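Report on the structure given below.
Every value quoted in this text rests on a predicted model; they were computed, and no experiment measured them. Each ligand, and each atom within it, is numbered from 1 in the order the structure gives.
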Amino acid sequence: MRRVYFDHSATTPVHPEVAEEIYRFLTGDNFGNPSSVHYYGLLAKKAVTGAREKVAAAIGAEPGEIVFTSGGTEADNMAVHGAAHTNRDRGNHIITSAVEHHAVLNTVKALGRQGFEITVLPVDGHGMVSVEDVRKAVTGRTILITVMHANNEVGTIMPAAEIGKLAKERGIIFHVDAVQSLGKIPVDVNELNADLLSISGHKIYGPKGIGALYVRKGTRWKQTLFHGGAQERLRRAGTENVPGIVGLGKAVELAMKNMEEESKRLGVLRDRLIAGITGKIKGVRLTGHPASRLPNHASFCFDAVEGESLLYALNKKGIAASTGSACTSGSLEPSHVLLAMGVPHELAYGSLRLTLGKDNTEEDVNYFLEVIVPLLAKIRAAN
Ligand code: PLP
């Protein structure tokens with residue numbers, strides 16, 4: 001059976017060169033603990049240093065500003081929790097958006113239960129936060145603004161740089177979740193005016209369970225979640241995941257090398273998918289921003305279709321897609337992102353996300369378009 005993987009926002013296959021690099025650090029002499037001061041430890045330390053340099057270079061940072069974490073979720077938790085508690089003496093107000101990933105949203109909500117004052121900003125029908133809304137929400141007690149660079153469910157790219165500028169002018173810490181944007185659009189901590197920025201390995205053809213948090217030098221931020229050793233210059237206790245870190249370094253390096261060309265190529269395929277679906281099918285709407293969206297991301301809501309049954313039917317045809325977020329599928333609630341965008345409940349149940357990646361071709365798009373039209377007609381007829 002032909003297989004088409006259209007779920008790259010959930011995760012990506014590990015790039016063969018990344019796998020090779022990881023394997024190197026699981027074998028031979030490359031097993032050392034980077035804290036050890038002998039041959040083996042020094043080999044590991046050197047590899048971690050090299051990966052740190054690659055990650056820093058990719059986002060316009062200094063190597064000393066990179067803290068390796070166990071992924072995007074940990075980076076988000078560490079960023080938000082740390083910024084809130086370290087600045088508790090200055091204020092207690094945190095601003096975020098209604099469409100953040102749960103790694104941010106639930107961390108902010110947890111802080112709300114600990115006495116922090118929370119503002120969750122609404123978004124417009126395209127899932128976009130308004131800079132003006134951020135400006136109006138800021139008070140003298142605001143200590144943190146956390147807004148994602150690009151949304152995982154609907155692909156909308158946020159006005160993060162402008163929000164960052166505002167935060168900078170007001171002396172407020174700005175955290176950006178760049179897990180979905182890295183490798184697809186430029187991510188530069190200085191252009192974004194970011195003080196804290198999260199990334200994750202498995203979204204960019206790296207391994208799962210590794211990510212990084214950028215912490216701008218001089219930011220009033222301390223890690224407040226982990227207690228343990230002095231690794232990562234006291235910013236993340238625990239023996240470093242050396243194979244994961246070198247894998248992340250290689251993945252970031254490849255992502256940067258390929259981004260321009262690949263984003264252009266995927267943008268063309270994405271536009272063909274969008275045009276094909278909206279042109280051939282009735283009762284469908286594109287979700288997310290029509291222009292300010294990730295080049296590999298197409299998402300829709302269908303009338304009179306249940307997203308989960310569509311996924312099962314597509315899977316039978318060898319097509320792997322998603323209803324929106326890997327984290328919300330399986331729960332019976334429609335996505336918080338679509339609801340925040342004002343998509344009615346019934347329509348939000350009929351969501352479909354197609355996210356393209358390096359191995360996808362024009363033939364994949366053609367196959368999808370061939371399959372989806374009769375499939376939808378069949379599902380709708382059965383309802
Ligand atoms: N932030 C966003 C925007 C994401 O899409 C994801 C993963 O889907 C995460 C954070 C969490 O990253 P990880 O899976 O590495 O914990």
- Which is it for K203 and ligand 1 at heavy atoms under 4.0 Å: side chain, backbone, both or neither? side chain
- Counting from 1 in the order shown, the ligand 1 atoms closer than 4.0 Å to a non-hydrogen atom of G71 are 15 (O)
- Task: Looking only at distances, please establish whether an N/O atom of ligand 1 is found under 3.5 Å from an N/O atom of G72.
- Result: yes
- Message: Side chains of H175 and T146: any donor to acceptor distance under 3.5 Å?
- Response: yes
- Query: Does the pair E162/K165 count as a salt bridge with the N-to-O cut at 4.0 Å?
  - Reply: no
- Electrostatic pair E232-R52, nearest N-O below 4.0 angstrom: yes
- Message: Less than 4.0 angstrom from a charged side-chain N to a carboxylate O is my criterion; do R24 and E21 meet it?
- Response: yes
- Message: Residue-level breakdown please: for V179 versus ligand 1, do any non-hydrogen atoms fall below 4.0 Å on the side chain, on the backbone, on both, or on neither?
- Response: side chain
- Does a donor on one side chain and an acceptor on the other come within less than 3.5 Å for T287 and S299? yes
- Task: Compare H202, E74, Q180 and give the one whose heavy atom is closest to atom 5 (O) of ligand 1.
- Result: Q180
- Message: Using a 4.0 Å heavy-atom cut-off, which part of K208 comes near ligand 1: side chain, backbone, both, or neither?
- Response: neither
- Query: Side chain or backbone of D76 under 4.0 Å from ligand 1, or both, or neither, by non-hydrogen atoms?
  - Reply: side chain
- Message: With a 4.0 Å cut-off on N to O distance, would you call E362 and R272 a salt bridge?
- Response: yes
- Item | Those atoms of ligand 1 less than 4.0 Å from some heavy atom in M148 | 3 (C)
- Report yes if the side chains of L144 and N87 come closer than 4.5 Å at any heavy-atom pair, otherwise no. no
- Any nitrogen or oxygen of T73, main chain or side chain, under 3.5 Å from a nitrogen or oxygen of ligand 1? yes
- Message: Strictly below 4.0 Å, N to O, side chains only: are E363 and R2 in salt-bridge contact?
- Response: no
- Query: With atoms numbered from 1 as shown, which atoms in ligand 1 lie under 4.0 angstrom from a non-hydrogen atom of S200?
  - Reply: 13 (P), 15 (O)
- Query: Out of I199, N151, L105, D177, whose heavy atom sits nearest atom 1 (N) of ligand 1?
  - Reply: D177
